[in-house]
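Below you'll find the structure, written out as structure tokens, and then a few comments.
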Amino acid sequence: MPHLNLESFNTLTLPAYCGDVEFLFQADYANSDEGALIATRYKGREFFLVYKNGSKKLLKSDKITRPSPNFILKHALLAYAECSASPILDSNVDNAPENTHLKTHDALKSISYFAENFPQDREVRIEIGFGSARHLLHQAAANPDILFIGLEIHKPSIEQALKQIVIQNLNNLMILDYDARLFLEFVPSNIVGKIYVHFPVPWDKKPHRRVISEAFLKESERVLRVGGTLELRTDSENYYRFALETFSSPSVSRFDVRKNQEIAIVSKYEDRWKKQEKNIYDVTFTCEAESPEPDIIGDFTFAGAPIDVNVIDRLSKDTYKRDWGFLHVERLFSIGENGRMIRLAMGSFDRPESTYVVIENNSAHYYPSFPVRSSANLKAHILLDELIHG
Ligand SMILES: C[S@@+](CC[C@H](N)C(=O)[O-])C[C@H]1O[C@@H](n2cnc3c(N)ncnc32)[C@H](O)[C@@H]1O
């Protein structure tokens, strides 16, 4: 991680422009001389530089707001050191210019992309846990008018798929590094033609980690259009029986089960099971009715009532656990005499989000951006709003 080892750390009078980098405000770790966070704006990104006052005086990036690509961070670090006249003892930072060939990959999307404006101009098909991506790439190439979204949590598989998207010049395939169990809540109702779940991890000893659950099946029914299908393909007899049992609650779909059905493209896992002459089961759920739009309500604004900084200073560092997820106040910072900043972890247990809230002049706002608009984050926000207003 790029960092500067400073002889001494000098503060700036903020806000300040240092060439083309803007330093906006400084938030000091409360009740400690551990260091400070410096809000920085450069090339349209806002993020924190972190000054750590330990055996060494290090200036580096904040993990939560870290900008990409790396040259943005390096440039901002050097700009701060120069502008504040903080002498550098040593560093691993060069001031190489932006590498214009290293563009961020277009097909790799963040969850905010889907949460804020889900693409709705064509049929969508989703593959969950695409692994080697053989099936996903084959489907995208064969159906250029359909938008494919591939979900994976295994980074090397994601990189491999992104490389193939470039080689095969596919422009109807988006990749997302996100837990599939939480993704469907961002999908509008009735727009998905197919959801593929091929050879999911069976988790025989930890069934709560399985992708398929009652909540997942209900959400699948909501996002599928009439006639759309959820296709589970597995070598695990346990898993397919579990899926059928989970599905037996009242629903708007029908299902059928097939054994050892051939499909157009065989995945790496399927190859392996076939060599071992294992049975392969297909369970297909077909959606038979339209669903209403979900009612995720609320936003991330805070109540307008005055905020007492003493209440903020006394905020408990406890974790507030609820059935929808949790809220945890991690650290407190001070901005000048009366401003405060909180670092939080919040949302669902499976995909917690870390973020900052700035409290100044009697009002609060998330910084540098809102959390992802999930139902768990919205509920955590309501709880936080109550806590900071005492
Ligand atoms: C057994 S592999 C199967 C890969 C591929 N579908 C195939 O047939 O070869 C299961 C994949 O699901 C991914 N996975 C597991 N849990 C997931 C989750 N909650 N969300 C997204 N992907 C997940 C794993 O990283 C793994 O690559």
Side-chain angles (χ1 to χ4, degrees), residues 103-153 157-180 182-200 211 216-217 219-233 252-256 258 261-268 270 282-294:
K103 281 173 67 183
T104 25
H105 203 295
D106 229 27
L108 182 64
K109 301 293 182 204
S110 70
I111 188 62
S112 319
Y113 174 88
F114 295 103
E116 279 154 27
N117 202 0
F118 200 99
Q120 294 197 50
D121 55 334
R122 47 199 159 145
E123 182 186 330
V124 171
R125 295 190 189 169
I126 299 169
E127 176 150 354
I128 285 170
F130 56 75
S132 65
R134 274 194 212 171
H135 177 260
L136 181 61
L137 292 161
H138 165 83
Q139 288 290 349
N143 300 284
D145 297 334
I146 293 174
L147 173 65
F148 286 83
I149 300 171
L151 290 149
E152 237 318 323
I153 50 174
S157 300
I158 291 174
E159 275 170 30
Q160 207 180 323
L162 290 171
K163 263 189 214 153
Q164 283 301 320
I165 291 173
V166 174
I167 293 168
Q168 298 183 32
N169 199 17
L170 295 170
N171 53 22
N172 61 329
L173 175 49
M174 294 176 178
I175 300 291
L176 177 64
D177 176 358
Y178 203 70
D179 191 322
L182 304 171
F183 176 68
L184 293 185
E185 79 160 293
F186 300 105
V187 183
S189 300
N190 315 305
I191 68 156
V192 178
K194 284 180 191 292
I195 303 173
Y196 305 103
V197 186
H198 285 183
F199 301 95
V211 168
F216 179 84
L217 290 174
E219 275 296 81
S220 298
E221 282 184 331
R222 182 186 63 72
V223 304
L224 285 170
R225 49 167 64 173
V226 174
T229 53
L230 164 65
E231 301 183 9
L232 167 67
R233 190 167 172 83
V252 294
S253 306
R254 66 185 153 77
F255 65 84
D256 55 279
R258 304 226 170 125
Q261 200 181 210
E262 295 292 332
I263 58 169
I265 190 92
V266 173
S267 81
K268 218 170 68 184
E270 185 157 349
D282 280 294
V283 186
T284 308
F285 305 92
T286 306
C287 176
E288 295 196 310
E290 289 224 345
S291 301
E293 283 304 324

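In this structure, CD in E123 is found 4.0 Å from CD1 in I146, a value given to the nearest 0.5 Å. Here the straight-line distance linking atom CD of E127 with atom CD of E231 works out to 10.0 Å at 0.5 Å rounding. Taken from CD1 in I158 to CG in L151, the straight-line distance is 9.0 Å, to the nearest 0.5 Å. L173 CG to Q139 CD: the interatomic distance, rounded to the nearest 0.5 Å, is 11.0 Å. Distance check, rounded to the nearest 0.5 Å: CD1 of I195 to CG of L224 gives 4.0 Å. For the atom pair CD1 (I126) and NZ (K194), the distance works out to 13.0 Å, reported to the nearest 0.5 Å.
The side-chain heavy atoms of F130 and H135, taken from C-beta on, include no pair separated by under 4.5 Å. With contacts defined as side-chain heavy-atom distances shorter than 4.5 Å, the pair F255/L217 does not qualify. With a 4.5 Å cut-off on side-chain heavy atoms, P292 and S189 do not count as touching. Residues L136 and Y196 fail the side-chain proximity criterion, which asks for heavy atoms closer than 4.5 Å.
Checking side-chain atoms of N172 against main-chain N and O of D145 turns up no donor-acceptor pair under 3.5 Å. In this structure a side-chain-to-backbone donor-acceptor pair under 3.5 Å is missing from E221 to C287.
Atom CZ of R122 has more than 12 heavy atoms from other residues, nucleotides or ligands within 6.0 Å.
Scanning all heavy atoms of the two residues, the minimum distance from S291 to R222 falls at OG-CA, 3.3 Å. What you find for L184 and V223 is that their closest heavy atoms are O-CG1, 3.9 Å. When all heavy atoms of S110 and L176 are compared, the pair lying nearest together is C-CD1, 3.7 Å. Listed here is the closest heavy atom pair of S132 and Q160: O-NE2, 4.2 Å. Pairing each heavy atom of I128 with each of F216, the nearest pair is CD1-CZ, 3.5 Å. Closest of all the heavy-atom pairs between L147 and P119 is CD2-CG, 3.6 Å.
The aromatic ring centres of F183 and F114 sit less than 6.0 Å apart.
R233 pairs by the side chain to side chain contact (heavy atoms under 4.5 Å, CB included) definition with H198, F199, Q261, I263, E270, I280, D282, not counting sequence neighbours.
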